[in-house]
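I have placed the structure first, in the form of structure tokens, so that the comments after it can refer back to it.
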Amino acid sequence: MLTEANDIMVTINDTTLRDGEQTAGVAFSADEKIAIAEALSRAGVQELEIGIPVMGTAEIELIQAITHLHLPARLMAWGRMCESDLLAIARCNVNIVNLSIPVSDVQIKHKLGRDREWVLEQIQAFVPRALDLGFEVCVGGEDASRADSDFLLTVAATVQQAGAQRFRFADTLGLLDPFATYGRLNLLRQEVDIDLEMHAHNDLGLATANTLAAILAGATHANTTVNGLGERAGNAPLEEVVMSLRHLYSIESNIDTTQFPHISQLVAAASGRPVPVNKSIVGDAVFTHESGIHVDGIIKNPLNYEGFSPTEVGREHRTVLGKHSGSHSVIDAYAKLGLILSELEAHSLLNMIRIHAILTKCTPSVDDLKRFYLENAACTGMPS
Ligand SMILES: CC(=O)SCCNC(=O)CCNC(=O)[C@H](O)C(C)(C)COP(=O)(O)OP(=O)(O)OC[C@H]1O[C@@H](n2cnc3c(N)ncnc32)[C@H](O)[C@@H]1OP(=O)(O)O
Ligand SMILES: O=C(O)CCC(=O)C(=O)O
């Protein structure tokens, strides 16, 4: 049975600075990492996964630079569940350590050359050691979506018995759909009492949907990245998960969503990965309307064509003229220039606007509109 959505509390753990930076070709500078961490924390993101200490001294220094900011956000470092990574993490002042271990047979055998028993022994050995170092411990189940179902439950039970506070379910290859995600997380929820975190990848375009499904099934934490940055097709975008939770399920993450455009631009610039114009929530064009019927509806009442107000995410509606405009759009656009049109003038100008849009594939500028007005007046002999 579905959990009652309004009883659900979700903690966002944003991994832009870990999995986000793993995007091929992306490397943040120290200043960029600090600026992103500050912006996310200022917006109210509760947890940040900020790096991989075993990468070396430079990375540890960067992680330490962020811990020294004493941000309100709780900080997590990532490592493999092995000696070298735990020793490196021990040099960092983070609150939470994520110790990652493959849990699918394919990775246990073909990546590590080990067996299931070894995985359970590692968990039993390393979780207490990380706890002794004073960290809150999350065990990252890499490739959990391809793990044998019964073994995954044994892993989760072992994680709980070992004393860890959280198990991260990683759909490492982005292979699940929301129904399978719900089923997997629901079984885990019944097996253990510890926190569960969903880490989704977007290879099939389902990262947000799978993250929501995991939360409805009882996941307490959602791993996200700004703009959906991350390995290959990326992770679940922060802005999509937060807005979907709010608008689909009335689950409030207490994040200042008006900060999304700023954070998105910051990450886009630092990563060199521009935001597609049609990217939900933060794309440049997602609150821009051209179609005549839509613009007419928006002019009459924005509720006609908005699922949520763009002001909620620090944006505003924009209407433009083009091939699909109607006469109301034209009258409105000219009124904004102080020119009151008759119906007849609006229709003539609409024809000129359509021709312009077809020839140039651009919306007309203010200068174009003024020129069309004068040309139309000259043709019809009307006073301009
Ligand atoms: C799904 C994920 O996103 S996991 C996170 C992936 N992120 C990254 O890899 C980014 C940072 N990585 C790095 O800087 C480097 O890969 C390091 C420092 C972690 C390791 O570097 P190297 O020691 O040179 O090893 P390399 O990366 O070539 O190979 C990975 C090794 O880790 C092992 N490994 C992988 N996962 C685990 C694990 N959870 N526990 C233990 N060992 C692991 C592999 O088996 C391999 O070791 P092997 O040669 O003994 O088989
Ligand atoms: O094990 C983890 O913490 C998750 C690692 C990861 O990024 C993934 O599996 O996609």
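Here the structure is a predicted model, which is why all the values come from computation and not from measurement. Both ligands and their constituent atoms are indexed starting at 1 by order of listing.
For atom 50 (O) of ligand 1, the nearest protein heavy atom lies 4.0 Å away or farther. For atom 15 (C) of ligand 1, the nearest protein heavy atom lies 4.0 Å away or farther. Protein heavy atoms are found less than 4.0 angstrom from atom 3 (O) of ligand 1. Taking a distance limit of 4.0 Å, we find that atom 34 (N) of ligand 1 is approached by some protein heavy atom. At a distance under 4.0 Å, no protein heavy atom can be found next to atom 29 (O) of ligand 1. Less than 4.0 angstrom separates atom 40 (N) of ligand 1 from at least one non-hydrogen atom of the protein. Distance remark: protein heavy atom not present below 4.0 angstrom from atom 46 (C) of ligand 1.
Contact of the Val119 side chain with the Phe151 side chain is registered, since non-hydrogen atoms from C-beta on lie closer than 4.5 Å. The shortest distance between side-chain heavy atoms of Ile66 and Lys33 falls below 4.5 Å. A 4.5 Å side-chain heavy-atom check between Thr208 and Pro237 finds at least one atom pair inside the cut-off. Side-chain contact between Leu196 and Arg189: present, with at least one pair of heavy atoms (C-beta onward) separated by less than 4.5 Å. For the pair Ile281/Val286, no side-chain contact is recorded, criterion being any heavy-atom separation below 4.5 Å from C-beta on. Residues Phe169 and Ser145 have side chains in contact (heavy-atom distance under 4.5 Å, counting atoms from C-beta outward).
When the options Asp85, Ile52, Thr172 are ranked by their closest heavy atom to atom 10 (C) of ligand 1, first place goes to Ile52. Counting only non-hydrogen atoms, the option in Ala170, Ala200, Cys138 that gets closest to atom 4 (C) of ligand 2 is Ala170.
Taking only nitrogen or oxygen atoms, main chain and side chain alike, Gln22 reaches within less than 3.5 Å of ligand 1. Annotation: Trp78 places an N or O atom under 3.5 Å from an N or O atom of ligand 2; distance criterion only. The shortest N/O to N/O separation between Arg80 and ligand 1 falls below 3.5 Å. Between Ser100 and ligand 1, at least one pair of N/O atoms sits closer than 3.5 Å. Backbone and side-chain nitrogen or oxygen atoms of Lys111 are examined, and one is located within less than 3.5 angstrom of a nitrogen or oxygen of ligand 1.
From the protein, the heavy atom lying nearest to atom 3 (O) of ligand 2 is Asn98 ND2, 2.7 Å. At the top of the distance list for atom 1 (O) of ligand 2, counting protein heavy atoms only, stands Ser100 OG, 2.6 Å. Nearest protein neighbour of atom 1 (C) of ligand 1, counting heavy atoms only, is Glu142 OE2, 3.3 Å. When only non-hydrogen protein atoms are considered, atom 44 (C) of ligand 1 lies nearest to Leu112 CD2, 4.4 Å. Of the protein's heavy atoms, Met55 CG, 4.4 Å lies nearest to atom 12 (N) of ligand 1. Protein heavy atom closest to atom 6 (C) of ligand 2, with residue, atom name and distance, is His199 NE2, 3.4 Å. For atom 9 (O) of ligand 2, the closest non-hydrogen atom on the protein side is Thr172 OG1, 2.6 Å.
Heavy-atom minimum distance, Ser264 versus Asn227: OG-OD1, 2.8 Å. Closest of all the heavy-atom pairs between Asn98 and Met76 is CB-SD, 3.8 Å. Smallest separation of non-hydrogen atoms from Phe372 and Met352: O-CE, 3.6 Å. Between Glu343 and Ser327, the shortest heavy-atom contact is OE1-OG, 4.3 Å. Annotation for Ile52 and Ile63: closest pair N-CD1, 3.9 Å, computed over non-hydrogen atoms. Considering all non-hydrogen atoms of both residues, Ala222 and Thr211 come closest at CB-CG2, 3.7 Å.
Counting heavy atoms closer than 4.0 Å to ligand 2, residue Arg18 contributes side-chain atoms (C-beta onward) but none from N, CA, C or O. Contacts between Gln122 and ligand 1 below 4.0 angstrom, taking non-hydrogen atoms only, are absent altogether. Contact annotation: for Ile101 versus ligand 1, heavy atoms closer than 4.0 Å belong to the backbone alone. With a 4.0 Å cut-off on non-hydrogen atoms, Arg18 touches ligand 1 through its side chain and not its backbone.
Atoms of ligand 2 lying under 4.0 Å from any heavy atom of Glu142, numbered from 1 in the order shown and given with element: 1 (O), 9 (O). Residue contact check: His201 has heavy atoms under 4.0 Å from atoms 10 (O) of ligand 2. Taking every non-hydrogen atom of Gly140 and a distance limit under 4.0 Å, the qualifying atoms of ligand 2 come out as 1 (O), 2 (C), 3 (O). Residue Trp78 has at least one heavy-atom neighbour below 4.0 Å for each of these atoms of ligand 1: 4 (S), 5 (C).
Atom CZ of Phe179 is surrounded by 12 or fewer heavy atoms from other residues, nucleotides or ligands within 6.0 Å.
A side chain to side chain contact (heavy atoms under 4.5 Å, CB included) with Leu266 holds for exactly one of Val226, Ile36, Leu40; it is Ile36.
Between Tyr305 and His317, the distance separating the two ring centers is not shorter than 6.0 angstrom.
We find that Lys336 and Asp332 are joined by a salt bridge, their nearest charged nitrogen and carboxylate oxygen being less than 4.0 Å apart.
Between the side chain of Ser309 and the main chain of Thr311, a donor-acceptor pair closer than 3.5 Å is present.
Heavy atoms of Glu231 come nearer than 4.0 angstrom to ligand 2 in no pair at all.
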